[in-house]
Number of protein chains: 2
Amino acid sequence: MSDDLTPRARRLRDAGHKLTHARLTVLAALEDSGGHITSSEVLERVNLVDHTIGRASVFRTLDLLTSLSIIRPTYLHSSMTPTYVLLPDGHHHHFICTRCNRVIEFDDCGLAQIETDLEARLHVKLTGHLLEFYGLCERCAAESTFTPSTTESAS
Amino acid sequence: MSDDLTPRARRLRDAGHKLTHARLTVLAALEDSGGHITSSEVLERVNLVDHTIGRASVFRTLDLLTSLSIIRPTYLHSSMTPTYVLLPDGHHHHFICTRCNRVIEFDDCGLAQIETDLEARLHVKLTGHLLEFYGLCERCAAESTFTPSTTESAS
DNA sequence: ATACCAATTGAGATATAGTATCAACAGGGT
DNA sequence: ACCCTGTTGATACTATATCTCAATTGGTAT
Ligand SMILES: [Zn+2]
Ligand SMILES: [Zn+2]
Ligand SMILES: [Zn+2]
Ligand SMILES: [Zn+2]
């Protein structure tokens, strides 16, 4: 009856899942992090709080949260582990520099209309979206202009 | 001098990279696949053509193509190897069902204006984007309505 | 054509990430 | 307090990606 649940915990329960200690701990770890956190980092944070929580449960929880569109795995660089971002209001947007891997997040996306159209057209029920742009950040764009080939200036 | 290069091979070369046998083979494997192909599947296809090409080169090439916005890794469901998609005109868009992992791709995104605005606002140079929506596909949305908890009908 | 050199490669050992199994446990409804 | 089912944790296992470095090769200059 006590209703001191975080909004995301409530969504978990409303979807018919138990609010277990492991799940709530993973969720807290994600919320405490600044976003773009890997599974290993989640695992590390979780085990700082309670080292008895197993790896498998962390991965299972990440899967579960993803299936509920509470988080979303995204790729930053290198063919490795995804980093997870929260989808605060169902969406997340960022720019990734493909040269230095800098990430710039931004809030407004103007996708509301597109979302509505798409639901009607594909007959789907949307719960979230991720929009990512890639290219060169201001600094890297400038450096690329100067350097025909090899001038990796260590900044 | 012979100019029978695919557009993507040309982009590789124009960016200052050598057109090696390994790279061209990986590129061909990606182009031959229908998209949403994992690193292991690329490796498999590549080795069917030439089994002397090493794993490391395949991964290296996937990273390189990603940094050039020629391909982009995306996650279908969490805790999994990414699947790579080509970015034909710099962009790719799809819907992912978070229940059955069905993917529906679509072409139009209406992001041109947003892209222009963003370049000016963040002072970046954009080379591509990925837009993904999540939710329930028509079938899964219908099933979810009927089943309060456990009715995994094997279709 | 030949020679040259830096970029790139392949092999395979190593490191890292994620999954399977299953007995024990605990959330939440009664 | 009791029960039932979803969930868990330990561990062994599999899959995936990276590192290292001598050998090779693409591209260019001669
Ligand atoms: Zn940059
Ligand atoms: Zn949005
Ligand atoms: Zn579905
Ligand atoms: Zn687009």
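So that the names make sense, note that chain A is the first sequence line, chain B the second, and so on, each numbered from 1. Heavy atoms only: backbone and side chains are in, while hydrogens, waters and symmetry mates are out.
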Any side-chain heavy-atom pair from [X] and [Y] closer than 4.5 angstrom?
{"X": "B:Arg72", "Y": "B:His129", "answer": "no"}
{"X": "B:His92", "Y": "B:Leu86", "answer": "no"}
{"X": "B:Val26", "Y": "B:Ile53", "answer": "no"}
{"X": "B:Leu62", "Y": "B:Val58", "answer": "yes"}

Rounding to an integer number of Å, can you tell me how far [X] [atom1] sits from [N] [atom2]?
{"X": "A:Tyr75", "N": "C:dA17", "atom1": "OH", "atom2": "P", "value": "15 Å"}
{"X": "A:Phe59", "N": "D:dT11", "atom1": "CZ", "atom2": "C1'", "value": "15 Å"}
{"X": "B:His77", "N": "C:dG18", "atom1": "NE2", "atom2": "C1'", "value": "11 Å"}

Can you pull out the residues from residues 29-56 of chain B that lie within a 4.0 Å heavy-atom distance of DNA chain D?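 The answer is B:Ser39, B:Ser40, B:Ala56.
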Readout for nucleotides 22-30 of chain C: B = base within 4.0 Å of protein heavy atom, S = sugar-phosphate only, - = neither; 5' to 3' it is -----BS--
Can you list, by chain and residue number, the hydrophobic cluster partners of A:Val124 when the side-chain cut-off is 4.5 Å?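 A:Val124 clusters with A:Phe95, A:Ile104, A:Phe106, A:Leu111, A:Ile114, A:Leu118, A:Leu122, A:Leu126, A:Leu131, A:Phe133, B:Phe95, B:Ile104, B:Phe106, B:Leu111, B:Ile114, B:Leu118, B:Leu122, B:Val124, B:Leu126, B:Leu131, B:Phe133.
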Only one of A:Leu87, A:Thr66, A:Leu68 forms a side-chain contact (heavy atoms from CB on, under 4.5 Å) with B:Tyr134, so which one is it?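 Option passing the side-chain contact (heavy atoms from CB on, under 4.5 Å) with B:Tyr134: A:Leu87.
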If you count every heavy atom of other residues, nucleotides or ligands that lies below 6.0 Å from B:Asp107 atom CG, does the total exceed 12?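 Incorrect, the count does not exceed 12.
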Measuring from the side chain of B:Ala22 (C-beta onward, heavy atoms only), which nucleotide among C:dT9, C:dT19, D:dT7 has the closest atom?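 Looking only at heavy atoms from C-beta outward on B:Ala22, the closest nucleotide is C:dT9.
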When you check the side-chain N and O atoms of B:Glu105 and B:His94, is any donor under 3.5 Å from an acceptor? no
